[in-house]
Amino acid sequence: LIDFSANINPLGPPAGVWQAIREALPAIVAYPDPKARQLKNALAEKLKLEVEQIAVGNGAAEILYAVLRALRPQTVGLIQPSFTEYREAADLLEARIIAVQTEDRHDFRPDLSELLAVCEQADLFIAGYPNNPDGQLLPIDWLVQMAEVLRRHGGYLLVDEAFIDFVPMAKSMLDQLDQYPNVTLLRSMTKYYAIPGLRLGYALADRTLIQRFERELPPWSVNGLAQAAGRAALTDERFEQRTREWLRAERPFLLEGLGRLAGIKVYRGEANFILFRCGCPDLQTRLGRAGILIRSCANYPGLSEQFYRIAVRSREENQRLLEQMARLMGRVQQPCPTY
Ligand SMILES: Cc1ncc(COP(=O)(O)O)c(C=O)c1O
């Protein structure tokens, strides 16, 4: 199967990562550095932060759960639809969830006044930047306003930047972490560097918060191979450039190709994945028979079985997907912007 369902960089892992893993293999007989000092140093240098502002974990998902355990929010605000693990993690704590429901007719763009109203009530608001599955990127000044509102009553903002490396126009509150000690940025290295099986993620926040998160993370949570791979990945600028070039060409190619198919509405997010709606409820099964796996979004609260998400992949693979979809759905002469 060609996997369009997981949003993994098809150019990776970088050659330096393979090399680092090979070199680190003999060290698996010893425990890894429980503090992952070299990896944290490399991150601190790259992001121009203090090491104490960084927590690393076995993927962003592990840190997400640790953040919630550390903050123990009674009320969690989130955008719906969004990454389903936010809800799962909040449910584990039996927190009350208040969702800002975004709508198909507004391309899943949330409303600022609704976001702020939920921030007034929430102990923690979790926002994807960009949001999974629609790729929406909130304006950075909205995130700042949300952080302000939350701070006034002792609330926290968690910005999930798992896909931020794929979005050149994204801003991030990275430079404002000192001003906003209630803000945490969550990042994943598994998608961009294509190591979801190895797992690596990190959180950036105020020193005191980082200490609280680390108390909730198990010891040795980042294994030795992942620490070595992470260090090598961070220094590979050529890989970053190749990724930018690939995405600059392939995202528009896929968007335009999808837009030319009959009966499809495409949502123009900003990420390395694309959400679309189509009236063919068994599209996933039908494409599966042609060797292509796409993500049905039926299990996202707020979406239905008409919604699908695909990752941007290589030209050959994208072409194959478009051909198979055209075969199943028929072509139209003009792009079809509305459903
Ligand atoms: C929005 C979002 N955040 C976090 C994660 C978790 O990332 P990781 O693989 O680093 O645990 C995912 C994984 O799919 C995701 O989609």
Side-chain angles (χ1 to χ4, degrees), residues 40 43-57 60 63-79 82-83 85-86 89-90 93 95 97-100 109-132 136-165 167 169-189 201-217 270:
K40 279 192 181 178
L43 280 166
E45 193 176 322
K46 183 156 179 129
L47 302 170
K48 299 186 175 46
L49 291 176
E50 301 297 324
V51 172
E52 295 75 22
Q53 291 174 288
I54 304 169
V56 292
I63 306 178
L64 169 71
Y65 281 80
V67 168
L68 270 97
R69 281 196 302 275
L71 300 179
R72 297 229 140 256
Q74 288 184 353
T75 306
V76 173
L78 42 80
I79 292 167
S82 61
F83 185 42
E85 297 296 322
Y86 306 154
L93 297 173
I97 294 172
I98 318 179
V100 173
R109 263 191 300 274
D111 178 80
L112 176 61
S113 55
E114 277 181 56
L115 288 171
L116 295 179
V118 172
C119 287
E120 296 276 2
Q121 303 169 60
D123 302 315
L124 169 70
F125 195 103
I126 311 177
Y129 182 84
N131 190 50
N132 177 3
Q136 281 295 324
L137 202 61
L138 295 177
I140 197 78
D141 63 296
W142 289 21
L143 288 172
V144 173
Q145 290 182 58
M146 290 162 72
E148 287 281 359
V149 169
L150 286 155
R151 183 164 66 173
R152 265 184 247 140
H153 65 84
Y156 296 93
L157 177 64
L158 175 61
V159 186
D160 182 353
E161 299 185 339
F163 294 99
I164 196 166
D165 293 329
V167 189
M169 65 181 291
K171 298 260 185 345
S172 179
M173 287 182 72
L174 188 67
D175 299 335
Q176 285 149 285
L177 287 181
D178 286 333
Q179 287 154 264
Y180 291 97
N182 65 330
V183 171
T184 300
L185 309 178
L186 179 64
R187 293 191 176 175
S188 167
M189 292 178 75
Y202 57 93
L204 310 170
D206 168 73
R207 292 159 187 74
T208 326
L209 269 189
I210 290 293
Q211 282 170 10
R212 288 172 65 187
F213 301 157
E214 286 186 333
R215 279 200 287 272
E216 295 295 337
L217 287 165
E270 300 295 342

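All residue numbers in this chain count up from 1 along the given sequence.
In this structure, the separation between CD on E214 and CG on L209 is 11.5 Å, given to the nearest 0.5 Å. To the nearest 0.5 Å, atoms CZ (R187) and CG (L43) are separated by 9.5 Å. With rounding to the nearest 0.5 Å, the separation of CE in M173 from OG1 in T184 is 10.5 Å. Here L78 contributes atom CG and L115 contributes atom CG; the two are 11.0 Å apart, rounded to the nearest 0.5 Å. For the atom pair CG of L150 and CG of L158, the computed distance is 11.0 Å after rounding to the nearest 0.5 Å. Atom NE2 in H153 sits 7.0 Å away from atom CG in D123 (nearest 0.5 Å).
L71 is listed as a side-chain neighbour of R212, based on a closest heavy-atom distance under 4.5 Å. Within the 4.5 Å cutoff, the side chain of P181 has no heavy atoms near those of the T208 side chain. Inter-residue side-chain proximity for Y180 and L157 is flagged as unmet; no heavy-atom pair is nearer than 4.5 Å. Put simply, the side chain of V159 does not reach to within 4.5 Å of the side chain of L138, judged on heavy atoms. Side-chain contact between Y156 and V67: absent, with no pair of heavy atoms (C-beta onward) separated by less than 4.5 Å. Contact of the L64 side chain with the D160 side chain is not registered, since no non-hydrogen atoms from C-beta on lie closer than 4.5 Å.
The 12-atom threshold is not exceeded at CD of E45, counting heavy atoms of other residues, nucleotides or ligands nearer than 6.0 Å. A 6.0 Å sphere centred on NZ of K48 holds no more than 12 heavy atoms belonging to other residues, nucleotides or ligands. Counting heavy atoms of neighbouring residues, nucleotides and ligands inside a 6.0 Å radius, atom CD of E120 exceeds 12 of them.
The heavy-atom pair separating I210 from A203 by the smallest distance is CD1-O, 3.7 Å. The shortest heavy-atom contact between Y129 and K171 is OH-N, 2.8 Å. Nearest approach of S172 to E161, heavy atoms of both residues: OG-OE2, 3.0 Å. The shortest non-hydrogen separation linking L204 to I54 is CD2-CG1, 3.7 Å. Contact between L186 and A60 at its shortest, heavy atoms only, is CD1-O, 3.7 Å. The two residues P110 and I79 come nearest to each other via the heavy atoms CG-CD1, 4.1 Å.
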- Message: Evaluate L143 against Q176 for side chain to side chain contact (heavy atoms under 4.5 Å, CB included), listing each step before the verdict.
- Response: CA-CA 11 Å; L143 288 172; Q176 285 149 285; over 6 Å; no

- Task: Decide yes or no on side chain to side chain contact (heavy atoms under 4.5 Å, CB included) for L116 and W142, but give the supporting numbers first.
- Result: CA-CA 9 Å; L116 295 179; W142 289 21; over 6 Å; no

- Query: Run the side chain to side chain contact (heavy atoms under 4.5 Å, CB included) check on I126 and F83 step by step: do they pass?
  - Reply: CA-CA 10 Å; I126 311 177; F83 185 42; over 6 Å; no

- For D206 and L177, what are the C-alpha separation, side-chain angles and deciding distance, and is it a side chain to side chain contact (heavy atoms under 4.5 Å, CB included)? CA-CA 7 Å; D206 168 73; L177 287 181; over 6 Å; no

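For the residue pair Y65/E85, the side-chain donor-acceptor check at 3.5 Å is satisfied.
Under a 3.5 Å cut-off, the side chain of R207 and the backbone N or O of E52 do not form any donor-acceptor pair. In this structure a side-chain-to-backbone donor-acceptor pair under 3.5 Å is missing from N131 to Q136. For K40 (side chain) and V56 (main-chain N/O), no donor-acceptor pair under 3.5 Å exists by modelled atom type. For the pair Y86 (side chain) and A127 (backbone), a donor-acceptor distance under 3.5 Å is absent.
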